[in-house]
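Following: one structure in structure tokens, then a few remarks.
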Protein chains: 4
Amino acid sequence: MELTDKQIQIIETAERLFAERGFDGTSVRDIAHEAGVNIAMISYYFGSKEKLMEALLEWRVGSIKIRVESLIQDDRYSPIEKVNMLIDEHIDRAMQKQPFHKIMVSVQVTNKNPAILKAANKVKLRNAKVIAELIKDGQKKGVFKKKIDLIFMLNTLVGTVNQSMMSLDYYREFNGQMDMPDEAFQLTIKRKLSIHIKTLFKAILTNES
Amino acid sequence: MELTDKQIQIIETAERLFAERGFDGTSVRDIAHEAGVNIAMISYYFGSKEKLMEALLEWRVGSIKIRVESLIQDDRYSPIEKVNMLIDEHIDRAMQKQPFHKIMVSVQVTNKNPAILKAANKVKLRNAKVIAELIKDGQKKGVFKKKIDLIFMLNTLVGTVNQSMMSLDYYREFNGQMDMPDEAFQLTIKRKLSIHIKTLFKAILTNES
Amino acid sequence: MELTDKQIQIIETAERLFAERGFDGTSVRDIAHEAGVNIAMISYYFGSKEKLMEALLEWRVGSIKIRVESLIQDDRYSPIEKVNMLIDEHIDRAMQKQPFHKIMVSVQVTNKNPAILKAANKVKLRNAKVIAELIKDGQKKGVFKKKIDLIFMLNTLVGTVNQSMMSLDYYREFNGQMDMPDEAFQLTIKRKLSIHIKTLFKAILTNES
Amino acid sequence: MELTDKQIQIIETAERLFAERGFDGTSVRDIAHEAGVNIAMISYYFGSKEKLMEALLEWRVGSIKIRVESLIQDDRYSPIEKVNMLIDEHIDRAMQKQPFHKIMVSVQVTNKNPAILKAANKVKLRNAKVIAELIKDGQKKGVFKKKIDLIFMLNTLVGTVNQSMMSLDYYREFNGQMDMPDEAFQLTIKRKLSIHIKTLFKAILTNES
DNA sequence: CATGAATGAGTCTTCATTCAT
DNA sequence: AATGAATGAAGACTCATTCAT
């Protein structure tokens with residue numbers, strides 16, 4: 001599906017507002033107003049508010065899949081290196097596209113719309129399958145444990161990152177870093193998160209005791 | 001704040017519906033109807049829909065704090081045992097009160113209402129401080145690492161549990177356990193989650209290499 | 001179903017406007033405005049615009065059925081007298097409740113809403129059955145023909161009256177009676193229509209050649 | 001006014017939809033979509049939705065007038081034969097062009113648009129005048145009654161046919177002819193209607209007692 | 001000549017809240 | 001103390017029409 005500039009403009013505005021206020025908390029009036037377009041354009045372009053949400057998911061998701069798969073298939077890295085890259089990749093993406101990831105959380109917690117939930121699950125399933133391959137490869141090479149619960153592992157990755165992302169302000173306040181510039185703070189967080197999660201994954205994946 | 005039976009009835013209905021459909025996706029009409037009370041009662045008792053949400057948070061949170069603090073202060077257990085008990089306590093609570101925890105996620109992801117977000121943060125802060133004591137105690141006794149990022153650790157606990165809770169159906173489908181009875185499935189999940197997170201915490205907290 | 005004064009007020013306004021402008025040509029805004037009530041009241045009282053239409057039909061129809069049946073069962077009149085009374089009864093009703101009868105025509109010509117059409121047909125069917133009894137009685141007594149197509153007969157009654165009602169202005173203009181007072185004109189029409197249709201029915205029902 | 005193929009295509013689609021759903025119940029979008037033309041074409045070709053309706057009336061009416069007048073002026077038939085032919089002609093036309101006749105009923109019942117109503121009345125007036133000549137001729141020849149109300153007579157013709165046309169399904173159900181093929185059913189109806197109305201007209205027009 | 005894009009006004013309905021009782 | 005009736009505001013969406021291309 002090809003998207004015009006105006007459609008992308010609408011989608012990006014919707015993404016921000018859906019993340020900030022939730023789907024039901026955002027009116028098409030608000031979206032249209034902030035995107036600088038006529039209210040009728042949302043229905044005109046996307047059919048409905050729900051279809052707009054679906055278009056938004058598809059648009060963001062479409063760009064993700066290619067990067068993950070190509071990263072996995074690269075033969076220059078060891079399984080453990082690949083896992084680490086995956087972690088960094090996910091953290092980067094989550095921090096950079098915070099609104100989108102917040103929406104993904106919303107979609108899952110409020111499983112009101114089956115179509116949207118299904119779309120979200122499809123993405124998760126595809127990613128899970130790709131990573132399952134990576135795990136198997138590591139197990140075959142003897143560097144990973146034999147018993148690994150893939151879903152829990154991914155839940156820890158996604159859950160920890162999401163939880164951290166959702167409580168950035170809280171973290172700042174708790175550590176007294178209210179004065180640190182945004183960019184510097186985000187860099188710090190990303191670095192710390194990376195180390196933290198890699199430590200966790202090492203414990204889950206490898207036999208080191 | 002004293003709550004009458006009817007007020008609790010309303011709050012419990014609201015909790016379920018807010019979790020299922022989100023705050024904005026739930027109408028006062030729905031709550032009143034499902035709680036079997038008059039529509040005007042919500043405003044009459046709580047002032048407004050938002051105030052009802054605040055009352056709901058306060059009500060659930062009030063019962064939590066006592067249990068956590070008393071558990072920590074118990075001298076019969078070692079720091080590592082206490083941490084493990086804390087993990088199980090949290091998993092149990094999250095699985096048992098899923099609606100409430102879903103609401104907590106919603107509140108954090110959609111930081112629309114400052115008053116509500118503030119209330120949620122207060123709880124987190126109090127818990128964090130109590131657990132910080134526990135960590136310090138473990139460090140003093142030499143069983144815990146010196147460098148521990150408390151918030152990330154809690155983010156992993158809360159995030160992993162939430163993410164797992166929000167994707168129970170997905171997990172079921174992925175593992176082909178659609179036919180397992182609900183109760184048995186929940187027990188399995190809780191047990192697996194417990195082992196998983198304890199493994200993670202051991203890696204974060206202790207020096208075992 | 002009991003109707004409050006305000007509900008009747010709304011229904012009567014709706015009846016007039018639906019007759020004047022058609023169902024789709026009438027907005028709930030218009031109805032509410034002309035009835036002097038809040039816009040939301042239509043949905044509040046009747047659920048929707050369509051339900052309002054159904055309520056309107058039921059309300060008007062409810063008062064009709066009793067009169068027709070009791071008239072038929074009266075033993076003091078001969079079949080031919082009863083038929084004549086039925087004709088006058090119908091003409092009177094149609095002229096007095098013109099808006100309602102116009103709506104009935106609209107409903108039948110634009111069979112968009114199955115529920116409403118069904119309701120209208122139910123009325124017609126019930127009337128047809130009652131009159132069928134009357135015809136049979138006349139045939140048994142030897143005053144009516146043996147071969148009578150009930151539906152066509154009723155179509156002539158209803159169709160002629162409706163067509164006349166719908167073109168009152170045209171009739172006036174054609175006969176140069178633009179200056180006659182409304183009331184006098186209506187009386188003239190009713191009298192002429194009565195003679196006209198009774199002549200028709202005599203030809204259909206009786207053997208007089 | 002010359003009409004291109006595309007314009008006729010639009011008009012015919014509009015005719016069908018106006019008949020099925022009413023004028024206000026039909027959107028320009030629907031017409032354009034079902035006619036397979038661009039949405040903007042209706043405004044482009046006809047100026048507006050109302051103008052399209054006027055064009056539709058003019059288009060259909062134009063083809064009618066010639067046939068009626070020529071039939072009347074034919075000297076080979078007696079007045080009574082001419083009346084009978086007129087009845088059959090009208091029945092045929094009504095059954096064949098049901099959509100158009102339904103629209104004519106709609107226009108008259110919902111006299112919202114004066115321009116359209118006026119156009120419809122012009123046709124009726126012209127027909128009435130032609131038939132008035134026929135009646136006078138019959139009266140001069142002594143085969144028709146002296147006192148005949150032309151308008152009521154025409155109202156019976158048009159009203160009976162319209163009412164029958166609008167309730168074809170009801171008639172079918174009432175007489176248990178749901179399984180009869182459409183074409184056969186229409187033929188039966190036309191034949192019965194013809195006999196029915198000719199009986200009526202004989203009673204109105206001639207002295208046979 | 002024809003049309004895709006765009007729009008302001010309008011549609012019906014639902015919302016949370018208030019108020020008289 | 002409790003509630004049924006009522007409402008203004010806002011909800012998402014569709015409308016007929018216009019205009020630049």
Side-chain angles (χ1 to χ4, degrees), chain A residues 4-7 10 14 23-33 35-53, chain B residues 4 6-7 10 14 23-33 36-53, chain C residues 4-7 10 14 23-33 35-53, chain D residues 4 6-7 10 14 23-33 36-53:
Chain A
T4 66
D5 286 358
K6 211 162 241 178
Q7 282 173 311
I10 293 172
F23 181 77
D24 290 304
T26 307
S27 73
V28 289
R29 252 185 192 75
D30 295 341
I31 300 170
H33 186 256
V37 301
N38 188 281
I39 315 169
M41 298 253 51
I42 273 93
S43 291
Y44 178 68
Y45 274 140
F46 302 96
S48 71
K49 194 183 170 187
E50 290 218 332
K51 294 270 183 64
L52 167 59
M53 171 66 109
Chain B
T4 67
K6 214 165 233 177
Q7 283 173 311
I10 293 171
F23 180 77
D24 290 300
T26 307
S27 76
V28 174
R29 253 179 192 73
D30 294 340
I31 300 170
H33 186 257
V37 302
N38 187 278
I39 319 166
M41 293 211 59
I42 274 96
S43 292
Y44 179 68
Y45 274 142
F46 301 96
S48 73
K49 193 184 170 186
E50 291 218 331
K51 295 271 181 62
L52 166 60
M53 171 66 109
Chain C
T4 67
D5 286 357
K6 211 162 239 177
Q7 282 173 311
I10 293 171
F23 181 77
D24 288 304
T26 308
S27 73
V28 289
R29 251 183 191 76
D30 295 341
I31 299 171
H33 186 256
V37 302
N38 188 280
I39 317 169
M41 298 253 51
I42 273 93
S43 290
Y44 178 69
Y45 274 140
F46 301 96
S48 71
K49 193 185 170 187
E50 290 218 332
K51 294 270 183 64
L52 166 59
M53 170 66 109
Chain D
T4 67
K6 213 165 233 177
Q7 282 173 312
I10 292 172
F23 181 77
D24 290 301
T26 306
S27 75
V28 174
R29 254 179 192 72
D30 294 340
I31 300 170
H33 186 257
V37 301
N38 188 278
I39 318 167
M41 293 211 59
I42 274 96
S43 292
Y44 180 68
Y45 274 142
F46 301 95
S48 72
K49 193 183 169 186
E50 291 218 331
K51 294 271 181 63
L52 166 60
M53 170 65 109

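Order of the sequence lines fixes the chain letters, A, B, ..., with proteins taken first and strands second; residue numbering starts at 1 for each chain.
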In 5'-to-3' order, the base (B), backbone-only (S) or no-contact (-) status of each nucleotide in nucleotides 13-21 of chain E, using a 4.0 angstrom heavy-atom cut-off, is BBBBSB---
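Rounded to an integer number of Å, the gap from A:Leu52 CG to F:dC13 C1' is 14 Å. Nucleotide F:dA5 holds its P atom 11 Å from the NZ atom of C:Lys6, rounded to whole Å. Taking atom NE2 on D:His33 and atom P on F:dC15, their separation rounds to 13 Å, with Å as the unit. In this structure, A:Lys51 atom NZ and F:dA12 atom C1' are separated by 14 Å, rounded to whole Å. When rounded to the nearest whole Å, the span between CE of A:Met41 and P of F:dA12 equals 17 Å.
Shortest non-hydrogen contact noted between B:Lys49 and B:Asp24 is NZ-CA, 4.1 Å.
How far CZ of A:Arg29 is from CD1 of A:Ile42: 11.0 Å, rounded to the nearest 0.5 Å. The structure places OG1 of D:Thr4 at 4.5 Å from OH of D:Tyr45, a figure rounded to the nearest 0.5 Å.
Side-chain atoms of D:Phe46 and D:Met53, non-hydrogen and from C-beta on, never get closer than 4.5 Å to each other. Using a 4.5 Å heavy-atom threshold, the side chains of A:Leu52 and A:Ile31 count as touching.
In this structure, B:Asn38 does not reach the F:dA2 phosphate: none of its side-chain N or O atoms is under 4.0 Å from OP1 or OP2.
For DNA chain E, each stem of at least three Watson-Crick or G-U pairs (distances under 3.5 Å) is given as range with range: E:2-21 with F:2-21.
Residues meeting the side-chain contact (heavy atoms from CB on, under 4.5 Å) test with C:Val37, sequence neighbours left out: C:Lys6, C:Ile10, C:Ala32, C:Ala35, C:Met41.
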